[in-house]
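Reading through the structure tokens given below for one structure.
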Amino acid sequence: MSIYPTLTNKTYVVMGIANKRSIAWGIAKTLDAAGAKLVLTYAGERFKSGLESLAADLNGEALLLECDVTNDEAIDTTFRAIHEQAGPIQGIAHSIAFADKEALRGEFSEMTRGQFAQALDISAYSLTAVVKAAKPYFAEDASVITLTYLGGERVVPNYNLMGVAKAALDSSVKYLANEYGPHGVRVNAISAGPIRTLSAKGVGDFNSILSELEQKAPLRRNVSVEEVASTGLFLLSSMGSGVTGEVIHVDSGYHIL
Ligand code: NDP
């Protein structure tokens with residue numbers, strides 16, 4: 001018997017699959033295994049074929065739609081199309097971030113106004129933009145998750161500008177949870193431990209972050225994408241029905257140190 005809750009005929013939108021290492025891909029596979037009807041969004045035309053190849057491995061047939069989160073019109077169009085083609089939205093996994101990698105190393109204050117605005121736009125504001133666009137289309141008891149990191153709560157070497165973006169994202173989760181709770185929509189974040197992905201490559205000396213956690217975290221090991229994804233499933237399904245405005249750390253307990 002499967003330990004997964006059944007999500008058959010429920011529509012989930014997963015945003016932020018760059019490749020097979022992406023946390024969003026782990027979440028998509030887990031939701032697929034639970035029977036969900038998936039909508040996968042990608043940032044631009046050039047990412048489409050890679051995502052099509054990945055999606056071919058899923059049990060169910062996923063709907064693939066373009067959505068650049070820096071463009072409000074594109075977000076609105078995407079969510080209207082999702083509703084038309086896949087019905088009410090049961091959940092959204094927002095797994096999107098970007099910062100110029102020059103601002104993810106060296107002195108924090110060396111970043112520019114432009115780098116700051118872009119990182120906050122894509123990595124923090126986009127959550128609110130997406131939730132706002134999805135508002136008319138949410139199912140009665142919908143759930144939204146985003147991916148955050150400890151560097152938004154305290155200083156982590158080189159995380160710099162992305163730390164500020166994650167702080168804004170964490171705060172957005174609370175304000176959105178408070179606003180959307182009366183409409184039956186839960187909003188939570190997962191604070192994942194470091195995982196080797198395309199985005200992680202941009203963070204200066206990322207290997208040191210991985211080895212520090214391995215040496216010091218209570219579980220003395222790094223976490224897997226699957227562990228993050230199963231917490232995602234919990235929050236996105238009825239199993240997490242009483243949880244909102246929360247940041248759950250899936251980081252081998254490193255954050256308690
Ligand atoms: P990935 O690089 O695999 O995923 C990041 C995604 O963000 C990509 O799919 C990227 O799309 C997308 N993205 C960037 N800009 C845009 C845009 N304008 N519109 C739409 N999508 C965009 O890395 P991860 O899986 O690691 O990152 C997912 C989330 O997890 C991020 O929020 C990250 O900060 C967070 N996180 C990661 C940790 C880690 O150690 N890996 C730890 C804790 C949190 P594309 O590449 O196609 O542009």
Side-chain angles (χ1 to χ4, degrees), residues 13-29 40-52 54 64-75 78-79 92-101 104 117-127 129-130 133 144-153 156 158-170 172-173 189-214 222-229 231-232 247-252 254-255:
V13 184
V14 180
M15 313 182 77
I17 302 172
N19 56 39
K20 65 176 191 312
R21 287 175 179 267
S22 296
I23 294 173
W25 177 237
I27 293 170
K29 282 191 296 182
L40 312 177
T41 71
Y42 52 94
E45 196 55 34
R46 70 197 164 98
F47 304 107
K48 189 179 178 185
S49 67
L51 190 56
E52 276 172 348
L54 279 180
L64 271 48
L65 293 172
E66 185 174 333
C67 186
D68 174 357
V69 297
T70 60
N71 182 334
D72 285 331
E73 216 180 291
I75 300 173
T78 303
F79 277 88
I92 302 173
H94 169 280
S95 186
I96 289 173
F98 180 82
D100 184 337
K101 70 176 178 1
L104 301 177
Q118 184 189 34
L120 271 283
D121 182 17
I122 298 177
S123 315
Y125 178 72
S126 66
L127 177 70
V130 160
V144 178
I145 61 166
T146 188
L147 269 298
T148 189
Y149 179 60
L150 189 63
E153 296 172 59
V156 172
N158 294 317
Y159 205 61
N160 297 7
L161 169 55
M162 191 52 85
V164 179
K166 291 305 189 192
L169 181 69
D170 294 357
S172 304
V173 164
I190 298 175
S191 182
I195 295 173
R196 270 185 222 285
T197 62
L198 197 61
S199 291
K201 273 194 190 153
V203 181
D205 204 10
F206 186 71
N207 283 343
S208 300
I209 299 179
L210 282 168
S211 60
E212 156 96 5
L213 189 140
E214 205 171 0
N222 278 295
V223 294
S224 66
V225 168
E226 289 71 26
E227 287 172 312
V228 175
T231 301
V247 176
I248 298 187
H249 294 80
V250 181
D251 66 350
S252 295
Y254 184 74
H255 68 285

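Note that the numbering runs from 1 along the sequence shown for the chain. Numbering of ligands and ligand atoms starts at 1, following listing order.
- Side chains of Leu210 and Glu214 form no contact here, defined as non-hydrogen atoms less than 4.5 Å apart.
- In terms of protein heavy-atom proximity, atom 13 (N) of ligand 1 is closest to Ile96 CG2, 3.7 Å.
- In terms of polar-atom proximity, defined here as any N/O pair under 3.5 Å, Phe98 makes no such contact with ligand 1.
- Annotation for ligand 1: atoms under 4.0 Å from non-hydrogen atoms of Ala97 are 7 (O), 14 (C), 31 (C), 32 (O), 34 (O).
- Residue Thr197 has at least one heavy-atom neighbour below 4.0 Å for each of these atoms of ligand 1: 23 (O), 24 (P), 25 (O), 26 (O), 41 (N).
- Considering only non-hydrogen protein atoms, atom 3 (O) of ligand 1 sits nearest to Ser22 OG, 2.6 Å.
- Taking both residues in full, the closest heavy atoms of Ala28 and Leu40 are given as CB-CD2, 4.1 Å, listed atom of the first, atom of the second, then distance.
- Here NZ of Lys48 is found 8.5 Å from CD of Glu66. Values are rounded to the nearest 0.5 Å.
- Below 4.0 Å from some heavy atom of Cys67 lie the following atoms of ligand 1, by number and element: 19 (N), 20 (C).
- Geometrically, ligand 1 and Asp68 share a nitrogen or oxygen pair separated by less than 3.5 Å.
- Here the protein heavy atom with the shortest distance to atom 29 (C) of ligand 1 is Ser95 OG, 3.4 Å.
- With Ile195 as the fixed residue, the side-chain contact (heavy atoms from CB on, under 4.5 Å) test singles out one of Val228, Asn222, Val250: Val228.
- Checked by atom type and distance alone, the side chain of Ser123 pairs as donor or acceptor with a backbone atom of Phe98 at under 3.5 Å.
- Smallest separation of non-hydrogen atoms from Ala119 and Ala165: O-CB, 4.1 Å.
- Heavy-atom distances between Phe206 and ligand 1 reach below 4.0 Å in at least one pair.
- No side-chain donor-acceptor contact under 3.5 Å links Glu212 to the backbone of Ile209.
- Residue Ser123 places no heavy atom under 4.0 Å from ligand 1.
- Protein heavy atom closest to atom 19 (N) of ligand 1, with residue, atom name and distance, is Val69 N, 3.1 Å.
- Considering backbone and side-chain atoms alike, Ile122 places every N or O at 3.5 Å or more from each N or O of ligand 1.
- Here is the list of ligand 1 atoms found below 4.0 Å of a heavy atom in Phe47: 45 (P), 47 (O), 48 (O).
- Judged purely by atom type and a 3.5 angstrom limit, Ser22 has no side-chain atom pairing as donor or acceptor with the backbone of Trp25.
- Residue contacts with ligand 1: Thr148 is placed with no nitrogen or oxygen under 3.5 Å of a nitrogen or oxygen of the ligand (distance criterion only).
- Panel note: side chain Lys166, backbone Leu147; a donor-acceptor pair is recorded below 3.5 Å.
- From the protein, the heavy atom lying nearest to atom 23 (O) of ligand 1 is Ser199 OG, 3.1 Å.
- Note that atom 10 (C) of ligand 1 has no protein non-hydrogen atoms nearby, at separations under 4.0 angstrom.
- Here the shortest heavy-atom pairing between Leu213 and Pro194 reads CD1-CD, 3.6 Å.
- Ligand 1 lies within reach of Gly193, whose nearest heavy atom is under 4.0 Å from it.
- Applying the 4.0 Å criterion to heavy atoms of Leu147 picks out, from ligand 1, the atoms 29 (C), 30 (O), 32 (O), 35 (C).
- Residue, atom and distance of the protein heavy atom nearest to atom 41 (N) of ligand 1 are Ile195 O, 2.9 Å.
- Checked by distance only, ligand 1 and Tyr149 stay at 3.5 Å or farther apart across all their nitrogen or oxygen atoms.
- Rounded to the nearest 0.5 Å, atoms OH (Tyr149) and OG (Ser191) are 8.0 Å apart.
- Contacts with ligand 1 closer than 4.0 Å are made by backbone heavy atoms (N, CA, C, O) of Ile17 only, the side chain lying farther away.
- Taking 4.0 Å as the cut-off, Arg21 does not count as a neighbour of ligand 1 on heavy-atom distance.
- Atom CE in Met15 sits 9.5 Å away from atom CG in Leu65 (nearest 0.5 Å).
- For the pair Ala18 and ligand 1, the shortest N or O to N or O distance falls below 3.5 Å.
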Could you walk me through whether His249 and Glu153 pass the side chain to side chain contact (heavy atoms under 4.5 Å, CB included) check? CA-CA 12 Å; His249 294 80; Glu153 296 172 59; 2.7 Å; yes
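- Looking from atom 34 (O) of ligand 1 to the surrounding protein, the closest heavy atom is Lys166 NZ, 2.9 Å.
- The residue from Val14, Thr41, Val173, Leu127 that alone fulfils the side-chain contact (heavy atoms from CB on, under 4.5 Å) condition with His94 is Leu127.
- Each of the following atoms of ligand 1 lies closer than 4.0 Å to a heavy atom of Pro194: 40 (O).
- Atom CG of Asp68 sits about 8.0 Å away from atom CD1 of Ile75, to the nearest 0.5 Å.
- Looking only at heavy atoms of the protein, atom 25 (O) of ligand 1 is closest to Ile23 N, 2.9 Å.
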